[in-house]
2 protein chains.
Amino acid sequence: MTSQDVILGILMKRSLSGYDIKHMFETIFSYFYNASFGTIYPTLSKMEKEGLLTKESVIQQGRPNKNVYSITEEGQKHFKAYMYSPIQTNEFKSDAMTRLFFGEFIEVEVIIEYLENGVTSTKEDLERLRKMYENGKSNSLMSQTQELCIQIGIENMESTLRTLMAGIERLSNLKVEEGQNESG
Amino acid sequence: MTSQDVILGILMKRSLSGYDIKHMFETIFSYFYNASFGTIYPTLSKMEKEGLLTKESVIQQGRPNKNVYSITEEGQKHFKAYMYSPIQTNEFKSDAMTRLFFGEFIEVEVIIEYLENGVTSTKEDLERLRKMYENGKSNSLMSQTQELCIQIGIENMESTLRTLMAGIERLSNLKVEEGQNESG
DNA sequence: ACAGGCATGTAATCGGTTACATGATTGT
DNA sequence: ACAATCATGTAACCGATTACATGCCTGT
């Protein structure tokens with residue numbers, strides 16, 4: 001799975017500009033995919049040259065022109081080929097988890113701070129996801145599988161949140177015990 | 001967070017070879033970090049040249065020699081600098097989630113197959129993690145924060161599993177309804 | 001005879017990010 | 001006056017993977 005596959009998938013439903021695609025990465029895709037402009041624009045140009053997409057310049061009033069890309073039949077073939085190819089394992093690298101893992105080498109307070117930041121940002125992400133879910137559901141903008149997708153995201157975040165909060169409690173108790181040992 | 005940071009962290013407790021480090025990536029780190037030999041070996045050499053590590057060749061009986069690396073004071077400084085640096089957001093890219101998201105463009109059966117494969121592999125991963133957890137706990141091999149870390153992993157996988165299975169059920173019902181419409 | 005584990009290493013390549021460059025319009 | 005949004009694009013760089021090369025020992 002590369003950005004090309006994902007972009008092709010996005011263009012299956014409607015024609016969009018690179019800027020629009022970036023917006024989708026930052027919203028509904030945010031919890032399982034992402035790509036920067038530095039990837040999106042060159043990928044779109046490349047695919048147009050290869051005949052997977054066609055470009056149309058759209059002149060807008062009060063806004064810069066934009067290049068709207070549409071998927072061709074050849075592009076649809078490529079997308080289908082991706083969808084039937086062997087599935088790749090998830091790529092996951094977590095700085096937060098890594099630091100937690102090595103927590104014994106620094107002060108408990110710092111770890112608690114990590115976890116508290118984790119709680120804050122997870123809560124924000126969760127709120128955003130829930131809003132997207134409610135919004136998409138009430139407007140019937142989501143397919144059945146997209147709904148499932150977002151549910152997995154929400155439930156994973158909820159689970160992470162629970163564990164994070166339990167962790168803070170446990171480490172806080174640990175800190176209190178340490179303090180008692182020092183003074184006692 | 002780069003592989004260098006993680007390798008330094010691993011070497012904080014004991015001296016290890018590149019092969020040993022790879023083994024750790026494949027077991028306890030597997031659910032939040034990974035790196036290939038093509039990253040590990042060059043990184044170790046580089047760090048030795050920079051004085052962050054020292055190398056000792058260990059001759060073994062009935063096995064090839066190995067290079068055991070130990071962290072220097074300079075290396076410990078670098079590791080601490082990493083631990084106090086601003087935390088990076090998680091990197092997550094999921095092929096499975098992407099395909100689920102685009103599920104409307106292919107047959108429901110294929111999506112169900114994706115999900116079933118997901119269930120199988122998640123169950124295996126979960127089993128492995130639980131064994132590591134029980135093992136580490138009974139041998140007191142884990143620090144408090146490592147325990148927390150593995151708990152997050154286990155609970156996330158459990159949550160994913162639940163949602164995956166609920167998804168299979170929902171999509172199966174959808175399939176049955178489709179079949180009824182066709183025949184009715 | 002052969003697979004699998006132990007052990008190290010390199011070269012080619014890839015996919016991607018970051019930072020920069022440009023510039024109009026809208027809202028505060 | 002200034003920040004934010006809309007909009008596209010490129011060059012330098014980075015971190016990492018894949019595949020290859022090598023070779024011994026153990027168990028089946």
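We name chains A, B, ... by the order of the sequence lines, and we start the count at 1 in each one. In what follows, every heavy atom counts, from backbone to side chain, and hydrogens, waters and symmetry copies are set aside. Quick caveat: nothing in here was measured; it's all calculated off a predicted structure.
Between the NZ atom of A:Lys22 and the P atom of C:dT17 there is a distance of 8 Å, given to the nearest Å. B:Met1 has its CE atom 15 Å from the P atom of C:dT17, to the nearest Å. As rounded to whole Å, 14 Å separates atom P of C:dT10 from atom NZ of B:Lys46. Distance, B:Ile21 CD1 to D:dA16 P: 14 Å, rounded to whole Å. A straight line from CG of B:Leu16 to P of C:dA7 spans 11 Å, rounded to a whole angstrom. Atom pair B:His23:NE2 and C:dA7:P shows a separation of 11 Å (rounding to whole Å applied). The CG-P distance, from B:Leu44 to C:dT8, rounds to 9 Å in whole Å. The distance from atom CD1 of A:Ile59 to atom C1' of D:dA7 is 14 Å, rounded to the nearest whole Å.
Among D:dT17, C:dC6, D:dC6, the nucleotide with an atom closest to any side-chain atom of A:Gln60 is D:dC6. Checking D:dC6, D:dT10, C:dG16 against every side-chain atom of A:Thr2, the shortest atom distance belongs to C:dG16. When distances are taken from the side chain of A:Ser36 to each of D:dA16, C:dT10, C:dT18, the shortest belongs to C:dT18. The A:Tyr19 side chain lies nearest to D:dA7 when the options are C:dA7, D:dA7, D:dT17. The listed nucleotides are C:dT17, D:dT17, D:dG9; the one nearest the side chain of A:Tyr41 is D:dG9.
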Show which side-chain atoms of residues 38-46 of chain B pair as donor or acceptor with protein atoms under 3.5 Å away, not counting sequence neighbours.
residue, atom, partner, partner atom, Å
B:Thr43, OG1, B:Thr39, O, 2.6
B:Ser45, OG, B:Tyr41, O, 3.1
B:Lys46, NZ, B:Gln4, OE1, 2.9

Show the distances under 3.5 angstrom between N or O atoms of the protein and N or O atoms of nucleotides 20-28 of chain C.
residue, atom, partner, partner atom, Å
C:dT25, O3', A:Gly62, O, 3.3

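Checked by atom type, the side-chain pair B:Tyr82/A:Asp95 shows a donor-acceptor distance below 3.5 Å.
A close approach under 4.0 Å does occur between a side-chain nitrogen or oxygen of A:Thr39 and OP1 or OP2 of C:dT17. Residue B:Tyr33 has a polar side-chain atom (N or O) positioned under 4.0 Å from OP1 or OP2 of D:dA16. For the OP1/OP2 pair of D:dT17 and a distance below 4.0 Å, the side-chain nitrogens and oxygens of B:Asn34 include no atom meeting the criterion.
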Please assess B:Phe101 against A:Tyr33 for the test ring-ring contact (aromatic ring centres under 6.0 Å, His included), listing each intermediate value before the final yes or no.
CA-CA 11 Å; B:Phe101 189 88; A:Tyr33 203 84; over 10 Å; no
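If you look at B:Phe102 and A:Phe79, their ring centroids are closer than 6.0 Å.
With rounding to the nearest 0.5 Å, the separation of CD1 in B:Ile10 from CZ in B:Phe29 is 4.0 Å.
Side-chain atoms of A:Asp20 and A:Lys66, non-hydrogen and from C-beta on, do get closer than 4.5 Å to each other.
A salt bridge does not link A:Glu113 with A:Arg99: none of the charged nitrogens is closer than 4.0 Å to a carboxylate oxygen. A:Glu26 has a carboxylate O that lies under 4.0 Å from a charged side-chain N of A:Lys22, or vice versa, which qualifies the two as a salt bridge.
Where A:Gly38 and B:Phe37 meet DNA chain C, the nucleotide closest to each residue was compared, and B:Phe37 sits on the side nearer the 5' end. Between B:Lys55 and A:Ser3, the residue anchored nearer the 5' end of DNA chain C, judged by the nucleotide with its closest heavy atom, is B:Lys55.
Among the atoms of the strands shown, none is found under 4.0 Å from any heavy atom of B:Ser45.
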